[in-house]
Protein chains: 2
Amino acid sequence: MTKSRGKRRQKVTLQHVADAAKVSKATASLALNNNPRISEPTRQRVLDAVEALGYVYNQRAASLRTQRSYTIGLVFKDVSNPFNAELTSGAESQLADHNYSLVLATTNDNLEKQARMVKTMLERDVDGLILAPTATTAAASLQSLMDFCPLVLLTPYYESLAVDCVGMDDANGTARAVEHLIRQGHRRIAFVGGFATDLTRQRRLQSYRGTLQRHNIEFDPALRIAGPVSRRGGYDAVHQLLSVPRPPSAAYCYSDVIAFGVMLGLRAAGMEAGRDFAVIGFDDVPEASLWHPSLTTVSNDPRGLGEQAAQLMLRRLATADATIKRVIMPSHLVLRDSTAAPVHEMPS
Amino acid sequence: MTKSRGKRRQKVTLQHVADAAKVSKATASLALNNNPRISEPTRQRVLDAVEALGYVYNQRAASLRTQRSYTIGLVFKDVSNPFNAELTSGAESQLADHNYSLVLATTNDNLEKQARMVKTMLERDVDGLILAPTATTAAASLQSLMDFCPLVLLTPYYESLAVDCVGMDDANGTARAVEHLIRQGHRRIAFVGGFATDLTRQRRLQSYRGTLQRHNIEFDPALRIAGPVSRRGGYDAVHQLLSVPRPPSAAYCYSDVIAFGVMLGLRAAGMEAGRDFAVIGFDDVPEASLWHPSLTTVSNDPRGLGEQAAQLMLRRLATADATIKRVIMPSHLVLRDSTAAPVHEMPS
DNA sequence: GCTCCTGAGTGAATCGGTTAAGCAACAACT
DNA sequence: AGTTGTTGCTTAACCGATTCACTCAGGAGC
């Protein structure tokens with residue numbers, strides 16, 4: 001048989017169950033919800049009928065009345081970024097424990113697609129939305145989104161909004177990374193990747209400059225390279241960096257993927273990270289430990305981030321007027337081989 | 001202000017829109033669905049009202065009547081496996097194009113959790129289910145699942161079921177991998193990872209044995225190591241392999257993550273993949289090209305797999321009695337450094 | 001003038017649950 | 001006996017859309 005009969009089982013509804021148990025639909029409903037007003041024998045009859053008929057509860061129908069869909073929307077750029085995959089996994093496991101499901105959508109960092117996806121989520125009547133806004137999302141549009149459903153942001157950079165959010169400790173993470181490089185003797189340290197509109201990048205850049213300043217190192221705009229958050233972006237940055245009059249001996253990269261690109265770019269230029277040049281990333285994605293050389297990076301527990309976001313959402317759903325909570329996940333520097341060697345002079 | 005007002009906008013329903021446009025609810029509905037029976041001026045009045053009131057369509061309510069929820073459930077072991085992340089990404093993008101959303105659930109390869117998740121999906125009234133069944137899932141239970149909703153399996157190994165499915169070309173992929181090793185001069189080739197219950201593994205093992213046989217190489221059970229699909233699993237297997245009387249000079253691994261573990265295990269034993277030992281993986285996850293040495297592996301386009309699965313589902317939803325389609329995604333061997341060196345004698 | 005269309009819109013049932021209000025039967029208490 | 005309470009269940013409204021069957025004007029045809 002290679003032909004589907006396309007014959008689906010006739011849907012069994014609560015009414016059928018009620019009939020079979022010889023009670024009213026209301027009683028059946030109450031029985032299934034363990035309402036104490038229903039006697040034990042009756043409840044058992046209902047449960048037996050459910051079993052016998054193979055009844056499947058229709059959450060969707062129920063939600064129409066209860067106004068609770070038990071689904072949470074999760075919207076971010078891309079699942080295939082390992083950071084987001086971990087984050088999703090963390091959120092999913094928390095939510096599943098509380099009987100919530102996760103509906104997924106991705107934006108490709110495109111504002112228009114984000115709007116479309118958010119709309120879809122609202123039409124699906126999600127109970128809440130966990131959102132990593134694209135770089136250019138206006139605070140006002142997030143504010144108005146909050147009129148429609150509870151919101152948890154995956155970024156700490158909308159301070160003007162009274163919104164729950166969870167973010168990484170960009171300032172501290174960056175400071176520690178840069179300080180590590182300075183301690184190793186580096187004085188010419190590049191900042192690589194990301195675009196100027198990106199709020200997270202702005203914060204890290206600020207911390208980078210502050211840290212340099214605290215160590216009396218002058219900030220050199222030529223060492224700040226903007227570019228896409230991808231391997232390619234890092235690879236291409238290396239060209240620019242090496243052609244600066246006094247080239248850097250180290251790079252602090254906006255994210256691990258960029259750092260990977262930088263390492264590849266260095267190799268193409270006959271240099272090796274960890275020996276001829278120091279490279280630090282941000283995220284600590286699983287690959288970071290696998291690279292050769294392994295990547296020193298700021299670790300951020302993406303799974304924990306997802307769990308936190310889920311928990312903030314669950315909390316807000318439980319008590320709508322709870323105090324706004326902004327969670328900053330601690331980050332710590334993971335020392336690996338890409339910064340192993342102390343500074344040494346660049347061949348100009 | 002650090003206190004949420006918890007004040008959500010009062011939900012605007014179609015009735016409100018109808019009132020504002022001075023038409024009936026029915027007319028409003030028809031207008032929004034571009035029904036030709038509604039005149040253009042009236043339709044415009046409705047659209048204006050929608051705009052003015054900020055009406056949000058309630059897909060959930062509609063689905064109660066239409067019996068179409070426009071959501072597809074995706075159930076597999078774990079998002080954080082990069083293979084699955086890519087697959088999800090592929091499926092999501094296809095489905096989003098057709099206005100479907102993805103609801104996600106993970107099983108941790110646990111039969112009981114799988115049952116729970118599938119039940120949740122059915123209660124959510126998904127239009128269809130894309131499922132990567134856990135290793136021990138009985139065909140019968142999948143069969144009965146098909147009574148409830150369209151199903152697409154992410155494995156080709158339930159031939160007895162009339163079910164759409166998409167899988168990898170395990171037999172061919174394995175054969176090419178093993179043949180490559182043989183051509184390099186290897187005669188003692190291990191098969192590493194996975195458990196005997198796993199249908200996919202069975203298929204690959206069979207192809208591995210067949211290929212050896214075709215080249216007149218005797219199968220040695222001591223070179224077949226079972227174990228978890230993880231880095232650890234691969235790492236631990238190395239111990240066993242190296243203590244076999246005549247140790248192997250190459251390993252064909254059940255998956256890339258296992259291969260990574262094997263490489264780490266080799267290094268711990270003072271050997272290097274690609275130089276002292278050949279290693280091949282399966283999947284071609286992004287890390288495969290990043291490892292050092294980079295991993296020769298069977299490439300499988302996980303994103304394409306996800307896209308295919310989504311397309312099979314969309315097709316089945318469009319025509320319920322379409323012919324069953326079993327898609328085998330072509331796989332090809334990606335030659336990298338982990339198999340670069342020709343065979344050389346093992347230090348026994 | 002009368003019937004018959006046709007085009008445009010409406011009323012009401014419907015999907016599958018939940019829940020407020022009500023009611024019958026019986027026990028307990030004055 | 002009459003009031004009051006409880007217990008256990010039922011009736012019917014409701015959630016927010018869709019859709020079938022119907023109405024109602026106005027125009028065409030005779």
Side-chain angles (χ1 to χ4, degrees), chain A residues 8-47 49-50 53-71 120 122-127 148-149, chain B residues 8-47 49-50 53-71 99 122-127 148-149:
Chain A
R8 299 262 111 73
R9 164 203 266 275
Q10 169 62 37
K11 214 167 247 178
V12 177
T13 74
L14 194 54
Q15 185 65 66
H16 299 136
V17 170
D19 292 350
K22 306 218 181 296
V23 294
S24 72
K25 198 170 57 151
T27 302
S29 173
L30 294 171
L32 293 184
N33 289 300
N34 290 316
N35 187 303
R37 310 209 56 149
I38 305 300
S39 72
E40 203 40 58
T42 305
R43 181 194 319 287
Q44 201 52 55
R45 277 214 321 287
V46 172
L47 292 177
V50 164
L53 300 179
Y55 167 69
V56 175
Y57 176 75
N58 188 332
Q59 156 69 48
R60 190 172 289 270
S63 77
L64 192 53
R65 183 70 219 259
T66 59
Q67 304 290 56
R68 269 281 169 122
S69 66
Y70 284 94
T71 52
T120 304
L122 291 179
E123 292 184 349
R124 301 276 135 133
D125 204 19
V126 294
D127 285 344
F148 292 96
C149 79
Chain B
R8 299 261 112 71
R9 165 203 264 275
Q10 169 61 35
K11 212 167 248 177
V12 178
T13 75
L14 193 55
Q15 186 65 66
H16 299 136
V17 171
D19 293 349
K22 306 219 179 295
V23 294
S24 73
K25 201 170 53 154
T27 302
S29 172
L30 294 172
L32 293 183
N33 288 300
N34 290 317
N35 188 303
R37 312 206 52 152
I38 305 301
S39 72
E40 204 39 59
T42 306
R43 183 195 317 289
Q44 200 52 57
R45 277 215 320 287
V46 173
L47 292 178
V50 163
L53 299 178
Y55 167 70
V56 176
Y57 177 75
N58 189 331
Q59 157 68 48
R60 190 171 289 270
S63 78
L64 191 53
R65 185 70 223 257
T66 60
Q67 305 289 53
R68 267 282 170 120
S69 66
Y70 284 94
T71 51
N99 251 305
L122 291 179
E123 293 185 348
R124 302 275 135 130
D125 205 18
V126 294
D127 285 343
F148 291 96
C149 78

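Here is the naming used below: chain letters follow the sequence lines, and residue numbers restart at 1 for every chain.
- Residues B:Arg37 and B:Asn58 both approach DNA chain D. Their nearest nucleotides, taken by heavy-atom distance, put B:Asn58 toward the 5′ side.
- Not counting sequence neighbours, B:Gln67 has no partner by the side chain to side chain donor-acceptor pair (under 3.5 Å) test.
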TODO: List the protein contact pattern of nucleotides 10-15 of chain C with one symbol per nucleotide (5' to 3'): B for base contact, S for sugar-phosphate-only contact, - for none; contact means a heavy-atom distance under 4.0 Å.
DONE: BB-BBB
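- Rounded to whole Å, the distance from CG on B:Leu32 to C1' on C:dG9 is 15 Å.
- Regarding contacts with the backbone of C:dG17, every side-chain N or O of A:Ser29 stays at 4.0 angstrom or more from both OP1 and OP2.
- Taking every nucleotide of DNA chain D with any atom under 4.0 Å from a non-hydrogen atom of chain B, the first and last of them, 5' to 3', are D:dG16 to D:dT19.
- Legend: residues meeting salt bridge (charged side-chain N to carboxylate O under 4.0 Å, His left out) with A:Lys11, ordered by chain and number and at least two apart, are B:Asp125.
- What separates CD of A:Gln59 from P of C:dG17 is a distance of 11 Å, to the nearest Å.
- By the side chain to side chain donor-acceptor pair (under 3.5 Å) test, A:Thr120 is found to be paired with no residue, residues two or more places apart in sequence or in another chain being considered.
- Residues meeting the side chain to side chain contact (heavy atoms under 4.5 Å, CB included) test with A:Ala20, sequence neighbours left out: A:Ala49, A:Leu53.
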Without placing hydrogens or testing angles, list every side-chain donor-acceptor pair under 3.5 Å for residues 21-29 of chain A, not counting sequence neighbours.
{"residue": "A:Ser24", "atom": "OG", "partner": "A:Ala26", "partner atom": "N", "Å": "3.4"}
{"residue": "A:Ser24", "atom": "OG", "partner": "A:Thr27", "partner atom": "N", "Å": "3.1"}
{"residue": "A:Ser24", "atom": "OG", "partner": "A:Thr27", "partner atom": "OG1", "Å": "3.0"}

Task: Step-by-step side chain to side chain donor-acceptor pair (under 3.5 Å) determination, B:Ser63 to B:Thr66 - done: CA-CA 5 Å; B:Ser63 78; B:Thr66 60; 5.6 Å; no
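- Rounded to 10°, the helix from C:dG1-D:dC30 to C:dT30-D:dA1 has 60° between the axis fitted to its first five pairs and the one fitted to its last five.
- Remark: P of C:dG7 and CG of B:Asn35 are 13 Å apart, rounded to the nearest angstrom.
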Open item on the list: With side chain to side chain contact (heavy atoms under 4.5 Å, CB included) as the criterion, how do B:Asp127 and B:Arg68 come out once you've worked through the C-alpha distance, each side chain's angles and the decisive distance to 0.1 Å?
Closed with: CA-CA 6 Å; B:Asp127 285 343; B:Arg68 267 282 170 120; 3.5 Å; yes
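- Every residue two or more places apart in sequence or in another chain that forms a side chain to side chain donor-acceptor pair (under 3.5 Å) with A:Asp19 is listed here: A:Gln15.
- Residues that satisfy the side chain to side chain contact (heavy atoms under 4.5 Å, CB included) test with B:Tyr55, not counting sequence neighbours, are B:Val12, B:Leu14, B:Val17, B:Leu32, B:Val50, B:Tyr57.
- Within the 4.0 angstrom heavy-atom criterion, no nucleotide atom of any strand lies near B:Ser63.
- Considering only residues two or more places apart in sequence or on other chains, A:Tyr70 meets the ring pair (Phe, Tyr, Trp, His ring centres under 6.0 Å) condition with A:Tyr100.
- The separation between A:Asn33 atom CG and C:dG17 atom C1' is 10 Å, rounded to whole Å.
- Nucleic acid contact class of A:Val56 (heavy atoms, under 4.0 Å, all strands): sugar-phosphate only.
- Contacts classified as salt bridge (Lys or Arg N to Asp or Glu O under 4.0 Å) and involving residues 31-40 of chain A (residues at least two apart or in different chains) are given here: A:Glu40-A:Arg43.
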